[in-house]
Amino acid sequence: MIQIFQIIEEASRGSKFYNHKKQRQEKIDERIRRMLELKDSFTPEQITRAEAQMDALTAQLEQSRDLSRFIVHVDMDAFYAAVEMRDRPELRDVPMAVGSNSMLSTSNYAARKFGVRAAMPGFIGRKLCPQLVIVPCDFEKYRAASQLVQQVMARYDPDFSMVSLDEGYLDITDRVATEMDGDTGDQTEDEVAQRLVGEMRAEICRLTRLTASAGIAANGMLAKICSDQNKPDGQFFLPRERPAVLDFLRELPVRKVSGIGNVLSQQLAALEVTRCGELLERRGLVRLLFSECTQLSLMRAGLGADPPGVGRDEDSHQKSVSTETTFAATADSAQLSELLGELCQQLSEDLRRKGLRGRTVTLKLKTSSFVVRSRATTLAEPTSTAAALLAATRPALARELSAGEPLRLLGVRASALVAAEGAAGPRQATLTEMTGRAAAPRHECPVCGRTAGSLAELSAHVERCLDGEAGGGGEQNGGPVGGQKRPPAPHSGLPRTKHKRIDSFFTAVKRS
DNA sequence: ATACATACC
DNA sequence: CACTGGTATGTAT
């Protein structure tokens with residue numbers, strides 16, 4: 001076990017990735033040191049008072065604790081790897097992972113014995129396990145398998161919600177009640193719920209030849225933790241009673257709670273909080289050291305008191321759309337600029353396909369030393385055109401490039417989204433709607449609102465507009481904008497080499 | 001509002 | 001040699 005850590009350490013030591021990770025960790029350590037200093041300055045009275053204040057919060061959470069629902073979290077076991085093993089018997093008994101040399105999405109259980117994990121680069125996986133077989137992602141297959149899983153889930157709760165291809169939540173309370181109305185012998189509600197989930201998993205297995213694990217509890221937060229308890233091919237039921245919930249959580253590592261990640265769990269560990277029960281014991285410190293938002297989620301984690309919804313929020317809408325790509329680091333501005341054009345084109349297509357426009361456009365970049373930066377621009381009007389996206393990001397790229405450091409990633413994001421004209425989805429009444437007048441098909445500058453005669457003219461104008469060159473010039477408000485045309489971006493010659501393009505997700509595994 | 005950080009899969 | 005991509009949200013300014 002200690003070997004695994006050593007091999008990983010050796011494989012990455014001295015690399016830019018490793019150095020960056022180390023620097024980030026030093027920042028975290030520093031933040032923790034400051035936190036502990038602050039902690040040492042608290043008087044016992046301060047802490048007692050903070051505890052009392054926290055008791056008010058926990059009382060409120062207890063008040064609203066809802067134990068009336070049966071929430072189920074279904075999680076497919078080593079999903080992508082399982083699909084590949086199902087379809088290729090020769091992979092069944094060998095350590096294998098799905099992904100690429102630069103990144104693994106998931107590994108099978110044979111590979112996990114060697115320490116090969118999701119989110120690990122393939123080349124390190126091979127160091128840990130030289131026999132490791134790495135299979136490229138085949139999302140069509142995973143989507144098809146996921147569809148079958150969803151067919152089954154829909155029969156138990158038509159309002160189920162998926163988190164990703166391999167994981168989703170159901171509320172089977174109504175289904176259990178219906179079942180209880182029939183002849184269930186002397187089965188209790190709890191037993192019926194567990195039987196139904198067992199049947200659901202069996203159906204999933206019959207239909208897909210893939211195994212699923214499941215958790216059954218009063219809310220999603222708990223159900224998710226439970227689905228991990230008897231993995232793979234198992235399920236775990238947590239009785240919907242306050243004492244059972246508190247007992248279950250008391251010794252549970254905080255890291256198991258969704259939302260408590262690497263950094264927060266380090267901070268908590270520094271306060272000698274590693275189990276959920278300790279979150280309650282040290283509630284005074286939680287109160288004094290964390291933001292209100294974090295206090296709330298930590299008390300929820302300690303009590304297991306989370307709202308029971310399964311995320312089927314009617315008025316929740318997508319907040320952002322983005323696309324990004326990693327490549328062999330370069331500082332060549334012509335190449336990067338062309339790549340940016342392609343990304344804007346891609347994002348434009350994605351936005352149109354989803355019937356959305358964004359008012360805020362953000363350029364994301366990562367330097368060769370893994371430092372991530374972002375530069376945002378908010379436009380006067382939301383857009384989905386590649387030209388406007390490019391105009392909003394290109395100047396920022398130019399500015400960042402002047403620093404001289406090569407880049408290894410570029411990305412473009414649209415946020416502050418609004419539904420495009422005539423599309424369903426999140427809406428924001430437009431001026432033309434409010435005045436009841438139909439919009440003429442015009443080429444309007446998203447920055448200043450002026451009209452261009454053609455798309456090409458618009459593209460050129462918008463860029464200058466954003467650069468601030470068009471403002472004081474001869475253009476008149478409302479009039480057509482002129483300007484030189486920018487040649488369309490041909491395919492960029494940037495090597496996308498070592499990092500092909502894996503639309504990866506992490507599957508199944510989380511912490512070891 | 002912007003930038004950066006954290007978290008999830 | 002080599003460490004992803006997409007979305008949401010929290011924290012800080």
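Values below: every heavy atom of this structure, side chains too, minus hydrogens, waters and symmetry copies. Within every chain, numbering begins at 1; the chains are lettered A, B, ... in the order of the sequence lines, protein sequences first and strands thereafter. Everything numeric here is computed off the predicted structure, so don't read it as measured data.
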What is the nucleic acid contact for [X], judged by heavy atoms within less than 4.0 Å: base, sugar-phosphate only, or nothing?
X         : value
Arg31(A)  : sugar-phosphate
Arg375(A) : sugar-phosphate
Lys27(A)  : sugar-phosphate

Select one nucleotide: of [options], the one nearest the side-chain heavy atoms of [X].
X         : options                 : value
Met103(A) : dC3(C), dG5(C), dC9(B)  : dC3(C)
Ser12(A)  : dC3(C), dA7(B), dA2(C)  : dC3(C)
Cys293(A) : dA1(B), dA7(B), dG10(C) : dG10(C)
Phe370(A) : dG5(C), dT2(B), dC3(C)  : dC3(C)
Val163(A) : dT9(C), dC9(B), dA7(B)  : dC9(B)
Val321(A) : dC3(C), dT7(C), dT6(B)  : dT7(C)
Thr325(A) : dT2(B), dG6(C), dG5(C)  : dG5(C)
Arg373(A) : dC4(B), dA7(B), dG6(C)  : dC4(B)

Does [N] have OP1 or OP2 under 4.0 Å away from a side-chain N or O of [X]?
X         : N       : answer
Ser320(A) : dA8(C)  : yes
Lys319(A) : dT9(C)  : yes
Thr326(A) : dG5(C)  : yes
Gln318(A) : dA8(C)  : no
Ser291(A) : dT11(C) : yes
Ser322(A) : dT7(C)  : yes
Lys224(A) : dC9(B)  : yes
Thr294(A) : dT11(C) : yes

Other residues, nucleotides, ligands: >12 heavy atoms within 6.0 Å of Gln3(A) CD |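 Counting other residues, nucleotides and ligands, CD of Gln3(A) stays at 12 neighbours or fewer.
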Quick one: does Ser374(A) reach the base of dC4(B) with a side-chain donor-acceptor pair under 3.5 Å?
->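 By the distance-only test, no, there is no pair.
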Mark yes or no for whether Thr362(A), through its side chain, and Arg375(A), through its backbone, hold a donor-acceptor pair below 3.5 Å.
->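 Judged by distance alone, no pair lies under 3.5 Å.
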Check: Ser368(A) side chain, Leu407(A) main-chain N or O, donor-acceptor pair, under 3.5 Å |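 No; zero donor-acceptor contacts below 3.5 Å.
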Met35(A) has an atom CE; how far is it from atom C1' of dA12(C), in whole Å?
->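 Checked: the CE to C1' distance equals 18 Å.
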DNA chain C: Phe290(A) or Asp350(A), which has the more 5' nearest nucleotide?
->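 Going by which nucleotide is closer to the 5' end, it is Asp350(A).
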Could you say whether Leu409(A) or Phe123(A) is positioned toward the 5' end of DNA chain C, judged by the nucleotide with the nearest heavy atom to each?
->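 Final value for this comparison: Phe123(A).
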Salt bridge between Arg353(A) and Asp350(A), side-chain N to carboxylate O under 4.0 Å?
->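 Judged by the 4.0 Å cut-off on N to carboxylate O distance, Arg353(A) and Asp350(A) do form a salt bridge.
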Pair Lys224(A) + Asp75(A), salt bridge at N-O below 4.0 Å |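 Judged by the 4.0 Å cut-off on N to carboxylate O distance, Lys224(A) and Asp75(A) do not form a salt bridge.
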